[in-house]
Structures are given as structure tokens and as C-alpha cells.
Amino acid sequence: MTTSMPDIANHTTAQTEGTLDWVGMSNIEMPMMVASKGQTERMVSAHVDAFVNLKEAKAKGIHMSRLYLLIDDLSTSGVLNYDSIVTLLDGFISSHQDLSDQAKVEFNFEYHLRRKSLISGKEGWKSYPVTITGSINKGELTIELAVDVRYSSTCPCSAALARQLIQQAFNDKFSQQSELSLTDVHDWLGTTDGVVATPHSQRSVAELKVKLNSSVNDFPITELVDLIEDSLKTPVQAAVKREDEQEFARLNGQNLMFCEDAARRLQHSMNQANHFDDFWLRINHLESLHAHDAVSVTTKGVAGGYQP
Ligand SMILES: Nc1nc2c(ncn2[C@@H]2O[C@H](COP(=O)(O)OP(=O)(O)OP(=O)(O)O)[C@@H](O)[C@H]2O)c(=O)[nH]1
């Protein structure tokens, strides 16, 4: 004879009645096969959040195991893409008939891409934090893709101030000489006295989020990474030989930017691309001059869309 187990969620009522906006699980660790446009399907180690609302004020609680098992099924037998997220969200709601009519899910993982060195022809792995979210909220489906890209930014103000010091040092060194020797100047420029000051630069992070639609089933992760790196020009590097480091120094010098410059560059590229229903971006310059960060935020500006 089997003993039936108590089923609190089904057979008891709430101690205190009330509806809840979101109930679920956070930080579920699961491998996921990810479909990313232009890449072979790849297993990632994901952290998943899964939620439904609780619209029945008297119900004790939701059925967490049902959400978990639906995600587990996707992990073991499915592929994470636009359609499978829609199916998952539908499953969250249909498994909670009478309890829920809203659902959301979030997948966080690191996605690795091979990136080429600037000059040397080498290549190496770079890891990009990716967040994919899906929700059905008041009947409206939203699927979003967000990616962070790290890059280097050199301060244009600091560069101008450094140039002024270099000019002053040049005057101090050569203004008394009646004739200037090209070789002397060339050699002097190659010393630390010749470049008496260097502008500060910083590790920076561009966060970009886009709203997807059903025309794109595989996530455009590589496209977004390429777009950000091509716009900003100074992404952090993987494999670096000296010739790559020198080119990185040149690119930094030729792409001086405040956080406003970086945001406008990316905004411009996203407006040119123009095939995302909406975008939101935040630029973070993790200042080396200050202990705080310089930040700028903007969106596509769609009515009723992302708010800054
Ligand atoms: N709702 C809810 N469940 C919780 C919580 N913390 C742990 N659980 C447990 O999650 C487990 C799964 O709940 P259910 O999905 O209702 O499990 P079940 O009754 O075996 O599954 P069904 O037969 O599909 O309803 C239960 O053992 C709960 O005790 C919580 O804060 N809220």
C-alpha cells in the first residue's frame, strides 16, 4: 500500500490572502544548447530564473516543480531559440491553469567567440556575458537579447592635456637650439622625456539590449558583438603579440572617447542597422582617473518602448 503524500500547494489555502506579481525560482543551474546565428549550436552553462504570477488570492502557492521540469526538458531535449522560449512561457502558464496568466524566464550565461588578433593573424577565445529574457505580461510577448562587451576607452581631455605637456617639454628641450636636427628630435621622441605624459584610459563596458521578433529564431549574438566592437574600435583583445599591442595603442590614440562619444557611436550603428524593434544601451567607463564610473544611456526612442 502506498502512502499518499501531503500536497500543501493543492490542498491548503493561503494563511493570508493576496495576489502576487511574480513567484518562481532564481539562479537554477542548467546546461543549455544555444542557437546563435552563424555559429554551430553550443552548450553553455546557464543560470535560469523562472516566474509566473499568482492571480488566485486564496491559493497556497504555485507549482515550482512544473516550471523546473519544463526548463529541464528544454535543457535535455531542446535548443534555446526564439520559438522554444515562446513554447516554454506558454507551458509555464498552461501548467498553472487558474493560478497564473503571466510568465517570465531569464537565461544568463557566458558565450565564447573566437576573435582575431589585430595584426599578427593569431586568434583566441573571448567570453561575452549574455542575458536572454522572455515574458508574457498582460498577454504581450517580449523576447530580448542583451550582451556586454568590454573595451578600452582613452580620455580625450587627458590626451589633450598630455599633448600640452609634451609640447612644453619639446620647447624646454629644443627652443634654445639655433638649428634643429631631425635625428635629435626623432631620438628624443623615443625617450620617456619625449612622451612626458600619457593620457589615462580605462576598461569599459558597453551593455546593449535589443527586442527580438519572430523573424529571427536563432539569437543574433555574434551580430551584436561585431556591431559593438566595430563601432567602438578598441575591444579588449584575446591573443596579443607585440605588433597587436602596438596596433591597440594606435587604435586607442585614434579613438579617444568620453562615454558620450561611445554611446553616440553605438546609437548611430544601431540606428543604421535598424532591424531591431527597439534597443537600449548603457556605456560604462570604469574610470582610472576617478574611483567612480562615467555612464551614458540611450534607447531607440520608440513610443512605449524602452525607457532610459
Ligand atoms: N510554491 C512553493 N513551493 C516551494 C517553496 N519552497 C519549496 N517549495 C517546494 O517545491 C516543491 C514542488 O511543489 P509542486 O510543484 O507543487 O510539487 P508536486 O505537488 O509534487 O507537483 P504537482 O503534482 O505537479 O503539483 C514542493 O515540495 C514545495 O514544498 C515555495 O516557497 N513556494
Side-chain angles (χ1 to χ4, degrees), residues 7-14 16-36 41 43-109 111 129-147 209-221 276-280 302 304-307:
D7 190 349
I8 292 289
N10 264 332
H11 298 139
T12 56
T13 50
T16 311
E17 292 181 14
T19 59
L20 295 171
D21 294 329
W22 295 117
V23 189
M25 289 161 289
S26 184
N27 233 1
I28 306 167
E29 293 169 4
M30 272 198 206
M32 283 286 159
M33 193 65 104
V34 173
S36 169
E41 286 172 2
M43 193 70 95
V44 299
S45 178
H47 287 81
V48 189
D49 286 5
F51 288 90
V52 287
N53 65 331
L54 183 56
K55 68 183 173 92
E56 176 49 58
K58 287 186 167 52
K60 177 69 175 168
I62 68 154
H63 300 278
M64 302 231 173
S65 68
R66 298 181 193 176
L67 304 184
Y68 181 91
L69 292 172
L70 286 165
I71 306 166
D72 187 67
D73 192 43
L74 177 59
S75 166
T76 52
S77 335
V79 172
L80 189 65
N81 57 27
Y82 186 97
D83 288 346
S84 67
I85 292 186
V86 177
T87 306
L88 186 67
L89 292 168
D90 286 341
F92 283 5
I93 293 177
S94 60
S95 66
H96 283 78
Q97 253 175 10
D98 303 329
L99 295 183
S100 312
D101 56 8
Q102 301 186 26
K104 66 174 180 176
V105 67
E106 179 172 311
F107 299 87
N108 287 289
F109 54 88
Y111 195 79
V130 170
T131 301
I132 294 169
T133 50
S135 65
I136 295 176
N137 209 335
K138 298 188 173 68
E140 191 186 330
L141 171 73
T142 307
I143 311 268
E144 298 168 324
L145 166 67
V147 63
K209 181 167 68 176
V210 295
K211 203 167 277 185
L212 302 177
N213 58 47
S214 56
S215 67
V216 187
N217 198 30
D218 294 353
F219 299 110
I221 299 174
F276 294 106
D277 292 351
D278 201 355
F279 69 80
W280 171 96
V302 176
Y306 287 134
Q307 296 301 304

Kindly compute the distance separating CG (D101) from NE2 (H96), expressed to the nearest 0.5 Å. 12.5 Å
From S26 OG over to D49 CG, what is the distance, rounded to the nearest 0.5 angstrom? 3.5 Å
L99 side chain reached by V52 side chain, heavy atoms, under 4.5 Å: no
side-chain contact (heavy atoms from CB on, under 4.5 Å) against M25, all qualifying residues, sequence neighbours excluded: I28, M64, L67, Y68
Rounded distance [0.5 Å steps], CG in D72 versus OG in S77: 8.0 Å
Work out which heavy atom in A57 is nearest to a heavy atom in A14; give both atom names and the distance. O-CB, 3.9 Å
Criterion side-chain contact (heavy atoms from CB on, under 4.5 Å) on V105 and V48, from CA distance to verdict: CA-CA 7 Å; V105 67; V48 189; 3.9 Å; yes
Distance alone, cut at 3.5 Å: any donor-acceptor contact between the side chains of N108 and E106? yes
List for me each residue that meets side-chain hydrogen bond (donor to acceptor under 3.5 Å, both in side chains) alongside N213, sequence neighbours excluded, and say none if there are none. S215, D277
Report the C-alpha separation of N81 and S84 in whole Å, then their side-chain angles, then the decisive distance to 0.1 Å, and conclude whether the side-chain hydrogen bond (donor to acceptor under 3.5 Å, both in side chains) test is met. CA-CA 5 Å; N81 57 27; S84 67; 3.2 Å; yes
Stepwise side-chain contact (heavy atoms from CB on, under 4.5 Å) check, I62 with V23: CA-CA 7 Å; I62 68 154; V23 189; 3.9 Å; yes
May I ask you to test the M43-M32 pair for a side-chain heavy-atom distance under 4.5 Å? no
Do F92 and S100 touch side chain to side chain, with heavy atoms closer than 4.5 Å? no
With a 4.5 Å cut-off on side-chain heavy atoms, are L88 and I71 touching? yes
Specify whether F51 and W22 have parallel, tilted or perpendicular ring planes, treating 30° as the upper limit for parallel and 60° as the lower limit for perpendicular. perpendicular
Atom pair OG/NE2 of S95 and H63 - distance to nearest 0.5 Å: 8.5 Å
Is the NZ or CZ atom of K211 positioned over F279's six-membered ring, under 6.0 angstrom from the centre and within 45° of the axis? no
Find out whether S45 and P31 are in side-chain contact, i.e. whether some heavy atom of one side chain is under 4.5 Å from a heavy atom of the other. no
Among V147, V44, V34, find the one that has a side chain to side chain contact (heavy atoms under 4.5 Å, CB included) with V130. V147
For D98 and E56 the tightest heavy-atom approach is O-CB, 3.7 Å
Taking Y82 as the fixed residue, which of L145, I143, D218 is the one that meets the side chain to side chain contact (heavy atoms under 4.5 Å, CB included) rule? I143
Heavy-atom side-chain proximity of V86 to L141 below 4.5 angstrom: yes
Taking C-beta and beyond as the side chain, do I132 and F219 meet within less than 4.5 Å on heavy atoms? yes
Working to the nearest 0.5 angstrom, can you tell me the gap between D83 CG and S214 OG? 8.0 Å
Heavy-atom distance under 4.5 Å between the side chains of I136 and D90, does that happen here? yes
Distance check, rounded to the nearest 0.5 Å: D73 atom CG versus L69 atom CG? 8.5 Å
Side chain to side chain donor-acceptor pair (under 3.5 Å) partner of T133, the single match among E144, K104, K209: E144
Applying the side chain to side chain contact (heavy atoms under 4.5 Å, CB included) criterion to L89, which one of I93, T87, I85 satisfies it? I85
Steps toward side-chain contact (heavy atoms from CB on, under 4.5 Å) verdict (L80, F109): CA-CA 12 Å; L80 189 65; F109 54 88; 4.3 Å; yes
Would you find a donor on one side and an acceptor on the other, under 3.5 Å apart, between the side chain of D278 and the backbone of Y306? yes
